[in-house]
Asker: 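Quick one: the structure is below, questions incoming.
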Amino acid sequence: MSAATRDHDTTSVLSAGAISLLRDCVHGYPGERLLIVEEPKGTGYYDDEAQQMAAAAGRALGMRVYETEAPDCLGNAEEVSAFIDTLKGFDHIVFFTRIGDQLRFSEIPGMPPSTMCYALDREMLDSAFGAACHHGMCELKAAIDDTFAAASEARVTCPSGTDYAGDPSTFAANSIDVSLKRFPMLVPRPVPAAGFRGRIALTRFLVGTGSRFYEPYSLPLSGTVYAFVEDNQIVGFDGAEAEMVRRHYHDVGDRFGLDPWFVHSWHAGMHPGCGFAAEAESQITRWSGSAFGNPRVLHFHTCGDFAPGEISMNIFDPTITLDGVAVWEDGCLRPERMENCARILASHPRLSELFRTPRRDIGIPDGCAWKA
C-alpha cells in the first residue's frame, strides 16, 4: 500500500448513486479492498463530498475502504508506471480524478479493475444521473453499438449547419472503447471517422479532451466556423474565425508532436439524466469532463491519431440518422427506434421514464423546441 494511502473513517449519508457505483458498476463485495483516488486538493474540479459518499457506501457494503490523492498530472510513461505501482494490491480502484480520464483509452498491465466516476459532486452523484439504473444503461449502450454496427449509412446534422455522413460498417471491425469502466454510462462506443465526410459546425468554443491539460485549454468562438472533413482529415475551415481555429490546432499539434488535422472518431452522449447547471464557459474544464454525456452533445476526437485526441469538436442538438431513421433527434436520444432498445426500456420502467423526460440543461441554450 502506498505511503500516501490512508484508511478513511469519515461517515456521510448513504447515497443511492454511490451504492449503484460500487454495487452495480464496480461489483464490490464484502471484504474486498477498495481504493478511492481523489483529485489533488484545491483544484475545484470535484467537490469533497462525492468521494466521501462513495467511501461511506463502500463501508456499508462491507468493503475495506482506503483513499489516496492523485498526482497533479502524469507527464510521461515513467510517471504512469510509478503511479500504477501505488495502486497494486487493491481489488478495485475508483477514480474521482482526471488522472483516471487520462488512462481510460490505455491498456495498463498490472492495474486492478478500475472505474472512472464522472459524477463530479454530491448533486450529480445523488441525482437521476448517478442513481439511474446502471445495468439498464449498459444494456442500452450494447444495443446502440449493435445498431451502429449493422447500419450502412449514418448522417449527422445540427441546427448550426453540420452535415456529415458516411458508412459506419468499419465500426465493428475497428473497436474503440475504454479500458476503465465508466460510471455513469455516458456514451456508446466511438464511431471511426474513416469513410465519413462533410461539414461540422463549430460554435461557442473548442476544448481539450481530458487526455492532457494545456493552456489555453479552450478557444472561445463568437460565431460559427465550419470544419470540412474527409475521412480522417480536416481539409479546411471556413468562417470569420477560421484562421484563429487553424492556429489553435497547429499550436496544440506542435506542442505534443501530433498530426493536428487528424479526426479519429465521434460519438454522442446517451444519458438522459446528465446535465450541467452552470454556463458552460464559466466552468469549461468541468463542463468538458461531464456534460458530454448528455444527448444534446456530440463530440469528435481530433488533433492526434488516437482516441480521444487533444481537441474536442462539439456540436449541439444533433440529429443522427441510421439508414434514414433518426435515433438521436434534436439532441434527444430515441432508443425506442432501435432494435432491442424498446425491450430493454420495458424491463427498466424508471429508466424508460427518464428517457421520456430528459434533462436539457447543459450550460448551452437549447437550440430545439424538443417535445416528448
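All residue numbers refer to positions in the sequence shown, counting from 1.
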Asker: Just wondering, more than 12 heavy atoms not from Glu123 lying within 6.0 Å of its CD?
Answerer: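 For Glu123, atom CD is not crowded (no more than 12 foreign heavy atoms under 6.0 Å).
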Asker: Would Arg199 count as a cation-pi partner of Tyr226, with NZ or CZ less than 6.0 Å from the six-membered ring centre and within 45° of the ring normal?
Answerer: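 Yes, Arg199 lies over the aromatic ring of Tyr226.
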Asker: Please say whether the positively charged group of Arg33, taken as NZ for Lys or CZ for Arg, lies over the ring of Phe90, i.e. under 6.0 angstrom from the six-membered ring centre and within 45 degrees of the axis.
Answerer: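 Yes, cation above the ring, under 6.0 Å and within 45°.
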Asker: Distance check, rounded to the nearest 0.5 Å: Arg155 atom CZ versus Asp323 atom CG?
Answerer: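 Reported to 0.5 Å precision, the distance equals 13.5 Å.
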Asker: Would you give the length of the straight line joining atom SG of Cys133 to atom NE2 of His348, rounded to the nearest 0.5 angstrom?
Answerer: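 Reported value, rounded in 0.5 Å steps: 4.5 Å.
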Asker: Quick one: does His271's side chain get under 4.5 Å of Leu354's, heavy atoms only?
Answerer: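 Of all side-chain heavy-atom pairs linking Leu354 with His271, at least one is under 4.5 Å.
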Asker: Quick one: which of Cys341, Pro295, Pro358 gives a side-chain contact (heavy atoms from CB on, under 4.5 Å) with Leu333?
Answerer: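 Going through the options one by one, the only one that passes is Pro295.
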Asker: Please determine whether a side-chain nitrogen of the Lys or Arg among Asp251 and Arg255 lies less than 4.0 Å from a carboxylate oxygen of the Asp or Glu.
Answerer: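 The answer is no: the pair does not qualify as a salt bridge.
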Asker: Could you tell me if Arg98 sits above the aromatic ring of Tyr45, with its cationic atom closer than 6.0 Å to the ring centre and no more than 45 degrees from the axis?
Answerer: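 Yes, Arg98 sits over the ring of Tyr45.
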Asker: Do we see a donor-acceptor contact under 3.5 Å between the side chains of His299 and Ser312?
Answerer: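 There is no such pair (donor and acceptor under 3.5 Å, judged by atom type) between the side chains of His299 and Ser312.
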Asker: Examine Arg286 relative to Phe276 and say whether NZ or CZ is less than 6.0 Å from the centre of the six-membered ring and inside a 45° cone about the ring axis.
Answerer: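 Not flagged: Arg286 not positioned over aromatic ring of Phe276.
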Asker: First locate atom CZ of Phe95, then atom CG of Asp101, and finally report the distance between them rounded to the nearest 0.5 Å.
Answerer: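 Atom-to-atom, Phe95:CZ and Asp101:CG are 10.5 Å apart.
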Asker: Answer yes or no: are there more than 12 heavy-atom neighbours, outside Phe213 itself, under 6.0 Å from its atom CZ?
Answerer: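 Above 12, so yes.
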Asker: Between Gln233 and Asp259, is there a side-chain donor-acceptor contact under 3.5 Å, judged purely by atom types and distance?
Answerer: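 A pair is found: one side chain offers a donor N or O, the other an acceptor, under 3.5 Å apart.
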Asker: Is it true that Phe183 and His134 have ring centroids separated by less than 6.0 Å?
Answerer: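 Yes, close enough.
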Asker: Can you tell me how far CZ of Phe129 sits from CG of Asn294, rounded to the nearest 0.5 angstrom?
Answerer: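 The CZ atom of Phe129 is 9.5 Å from CG of Asn294, to the nearest 0.5 Å.
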Asker: Assess, by modelled atom type and distance only, whether the side chains of Arg64 and Tyr66 contain a donor and an acceptor separated by less than 3.5 Å.
Answerer: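 Their side chains do contain a donor-acceptor pair, which is all the 3.5 Å distance test asks for.
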Asker: Over 60° means perpendicular and under 30° means parallel, so classify the ring planes of His248 and Tyr214, tilted if in between.
Answerer: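 Judged by the thresholds at 30° and 60°, the geometry between Tyr214 and His248 is tilted.
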Asker: What distance separates Thr115 OG1 from Leu21 CG, expressed to the nearest 0.5 Å?
Answerer: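 Going from the OG1 atom of Thr115 to the CG atom of Leu21 covers 6.5 Å.
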Asker: Check the orientation of Tyr164 and Trp266. Use parallel for under 30°, tilted for 30 to 60°, and perpendicular for over 60°.
Answerer: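 Aromatic pair Tyr164/Trp266 classed perpendicular.
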Asker: Will you find, in the side chains of Ser222 and Glu241, an N or O donor that is under 3.5 Å from an N or O acceptor?
Answerer: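 Side chains of Ser222 and Glu241: pair found under 3.5 Å.
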Asker: Have a look at Phe292 and tell me which of Phe316, Phe300, Tyr118 forms a ring pair (Phe, Tyr, Trp, His ring centres under 6.0 Å) with it.
Answerer: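 In the set Phe316, Phe300, Tyr118, the residue that makes a ring pair (Phe, Tyr, Trp, His ring centres under 6.0 Å) with Phe292 is Tyr118.
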Asker: Establish, from distance only, whether the side-chain atoms of Thr319 and Glu329 form a donor-acceptor pair under 3.5 Å.
Answerer: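 The answer is no; no qualifying pair exists.
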Asker: Do Val207 and Phe256 belong together in a cluster built from hydrophobic side chains that touch within less than 4.5 Å?
Answerer: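 Yes, one cluster joins them.
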Asker: Any side-chain donor paired with an acceptor under 3.5 Å for Thr157 and Asp163?
Answerer: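 On atom types as modelled, these side chains do not qualify, holding no pair under 3.5 Å.
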Asker: Provide the closest heavy-atom pair for Leu258 versus Gly304 in the form atom of the first, atom of the second, distance.
Answerer: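 Nearest pair, atom of Leu258 first, then Gly304: CB-CA, 4.2 Å.
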